[in-house]
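Some notes on the structure that comes next.
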Amino acid sequence: MISGYDELNEVQLEAVKATDGPVLILAGAGSGKTRSLTYRIAYLINEKKIKSSEILAVTFTNKAAREMKERVENLLGANIASLWIGTFHSICARILRAESAQLGFTSSFTIYDSDDQVRALKKIISILSVPQQLYSAKMIQSRLSRVKNQFLFPDDLDSESGDGLDEYLPQIYREYQKFLKENNAMDFDDLLIKPIELFDQKPEIRKKYSNKFKYVLVDEYQDTNRAQYLFIKKLVLGHRNLCVVGDEDQSIYGWRGADITNILNFHKDFNDARIFKLEENYRSNGNILQAANAVVGHNTERIGKNLWTRRKKGDKITVYAAQNDMEEAKRIVDVVHEEMYTKKRSFSDIAILYRTNAQSRVIEDELRRNAISYIIIGGVKFYDRKEIKDIVAYLKLIVNPADSISLKRIVNFPLRGIGDTTISKIEKFAEMENISLFNALGRVKEISSISPAMGGRVIEFFNLISNYISLKDELSTVELASTLASETGILHHYQTEYDQYESESKVANIKELFQSIEQFTEERIKNNMESGLASFLEDVSLMADIDSWNNSNNAVTLMTLHAAKGLEFPVVFITGMEMGLLPLQRNSADISELEEERRLLYVGMTRAEENLYLSFARSRRKYASFVQSTPSLFLDEIPVDLLSYTPASREALPQKSNRGKARRKKIQSYFETSDENQVVDDTYKVGQDVYHSTFGKGKIMNLEGSGDKMKITVHFQDEGITKKLIRQYANLSPIEG
DNA sequence: CTTTATGGTTTTTTT
DNA sequence: AACCATAAAG
């Protein structure tokens, strides 16, 4: 018997012991969800004598997986290396590596990130001659990803309905999948889809995994999408030992295809499911919890729960109204100092949250000026930096020579005098010969339109990579990476091609990469796991920013509200509480999107243990100019007696409005009256004459959309051209008469 | 054929 | 302000 079950409350203990059959744990914020899950795994192993290799636990981040594993090991006092625990993506990747041959891939397939996807799509779009002006590759990528997350295939798509892109989508989808297969690559979405396909096509493989994983646990179930749902459903077919944990109020990934109905309808899928509600919050002071409850209580898409705490009420929530974003940042710094001196906080007790990454800049500047150390999660990811991606692309090509996206990324970097034209010729040749682009490089001499001099350069590159391919099993990953960086001249390039400051930071990043490879290898070897180059690359692809964060750094943490999920801090700032920002403008018109914005705020508020500071700015720099804004309607949803306004802000807050219809009307009117574009909207009509500074006089042919993003098609007589312009940037002026 | 300059376009959240 | 695609220069 493991000790410590007295750490659990009654409901938690019941939930831990309900091991067999479907179980839904509705766990409010700070209700000891992780603790319950941890004990449940320990209980299965220790009391029910289930082997750790027979348990599958799915978490939302790799960091959560690592922490949970450590906690279970501490409870058991034993190593549980054979427990499968990780994100959907990493678990699926692991299955796919093992079964890749069944799907016509090799086990060293490459995982394409969204940048790679866009590059691939660009190529396909040009081949299929999809009107590029109308649909950017980026837009198509997100559309396609959404479709794939819903486990839809080209044939499932209705090419007639919706906008013009639907006409092309099935075709793009087919070509894109074909391209991926030729490159021995899968994208993020394939990682989820392919296992399901495999389970459907080969029932014996489904059974194999079903039998292996006798107990399945899924955390953050409210953020699963359809593909993830199907994967789990097929996996537990037969034994049905499935335990899902989630909180519908914390569902914040709808935009990524997460389907809140997965959790709302769990009891319909499994009608004998036992449901446990964890409603006691151990994290936040009373006032904070009450405020958070009040906010999320305005939502309709919820099961509903009554989250309560025995903790003291604590301080009121401070609301600060700043003139502009700089002042907001200054105020944050003041309060950070105040918290440190009066309450003896350390930097690591403090988190500053915001809706969009762009907001961090001003705050960072102010923190730096005041010598407050901070770490920032998100923004430009470490592995997304150019200098890192370049080296990683070399490594990817070495592991998987079929990967033409990585090849094209580096074939002329550092500059080798091999340009686009040459590559297109080789690509054409590869297609004709039905060989990979890499193999075509080796046969460049057979292409008559390429000069011998040029061919020589190509061969040199081909030999370079071939050499590394044969070396890859002899050298360790670090050795490979560092030799590569100096031999190819990448290091030299970054040392010389930039100004000193930039150059130093880029070189430092490259060194950091080497270090993290070493760290990874050590860690993996220690745990008796796959440690080679391929596994490092997979780790890199599936790594989230939060995964490498640890709170032991003595620094203030800056991150988006999304990234804050699952974390807790004594002191939390939520900044930019303005209409248009939180809720974000484009997510405010649709009621269910507005509700997701509200949940996002709820997630942020419930991160705070003792002190919560909310702030907004009346004016904020956006792009290159200042925009005025009004306070977020969400502020209005917090009972006034829980708030303490900084003096200046009281008059800036909206009047408390009536409940019900009046309030909803108010939400709408915010967008009707406060959006000044609406007022200007009748400036532009079809047929209207306009003037443009570069194109001269023109006539409006068509209008699409509204507001800043309105697309205006104008025919310019003088130039004899027709252009589609976005209002925000177009700088058109109407001509009277 | 490659490199550089110019001008047009663009920011939501992320595995 | 920064990034990308295309056009002109080398």
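Throughout, a chain's letter reflects where its sequence line sits, starting with A, and its residues are numbered from 1. In this text the structure is predicted, and so the values were computed from the model without any measurement.
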Residues passing the ring pair (Phe, Tyr, Trp, His ring centres under 6.0 Å) test with A/Y374, sequence neighbours excluded, are none

Can a side chain N or O of [X] be found less than 4.0 Å away from OP1 or OP2 on [N]?
X      : N      : answer
A/T61  : B/dT15 : no
A/K138 : B/dT9  : no
A/T560 : B/dT14 : yes
A/K122 : C/dC4  : no
A/N357 : B/dT14 : yes
A/N149 : B/dT15 : no

Taking atom C1' in both B/dT11 and C/dT6, compute the distance separating them and give it to the nearest angstrom.
23 Å

*Looking only at atom C1', what distance separates B/dT12 and C/dA5, rounded to whole Å?*
24 Å

Checklist entry - Is A/R607 paired with A/E568 through a side-chain N to carboxylate O contact shorter than 4.0 Å? => result no

* Asked: Within a radius of less than 6.0 Å around NZ of A/K445, do more than 12 heavy atoms belonging to other residues, nucleotides or ligands occur?
  -> no

Distance in angstrom units between [X] [atom1] and [N] [atom2], rounded:
X      : N      : atom1 : atom2 : result
A/L600 : B/dT13 : CG    : C1'   : 7 Å
A/R256 : B/dT12 : CZ    : P     : 17 Å
A/I418 : B/dT3  : CD1   : C1'   : 15 Å
A/L584 : B/dT12 : CG    : C1'   : 5 Å
A/Q141 : B/dT11 : CD    : C1'   : 15 Å
A/N412 : B/dC1  : CG    : P     : 13 Å
A/Q228 : B/dT15 : CD    : C1'   : 8 Å

Q.
Would you say A/N400 and A/T110 are linked by a side-chain donor-acceptor pair, where the criterion is simply a distance under 3.5 Å?
A. yes

Self-check item: A/E248 versus A/Q222, side-chain donor and acceptor atoms under 3.5 Å
Solution: no

Is it the case that B/dT12 (base atoms only) and A/W255 (side chain only) share a donor and an acceptor within less than 3.5 Å, ignoring hydrogens and angles?
no

**Prompt:** If you look at every strand shown and take non-hydrogen atoms under 4.0 Å, does A/D189 touch a base, only sugar-phosphate, or nothing?
**Reply:** nothing

Open item on the list: By the 4.0 Å heavy-atom rule, please label A/T422 as base, sugar-phosphate, or nothing.
Closed with: sugar-phosphate

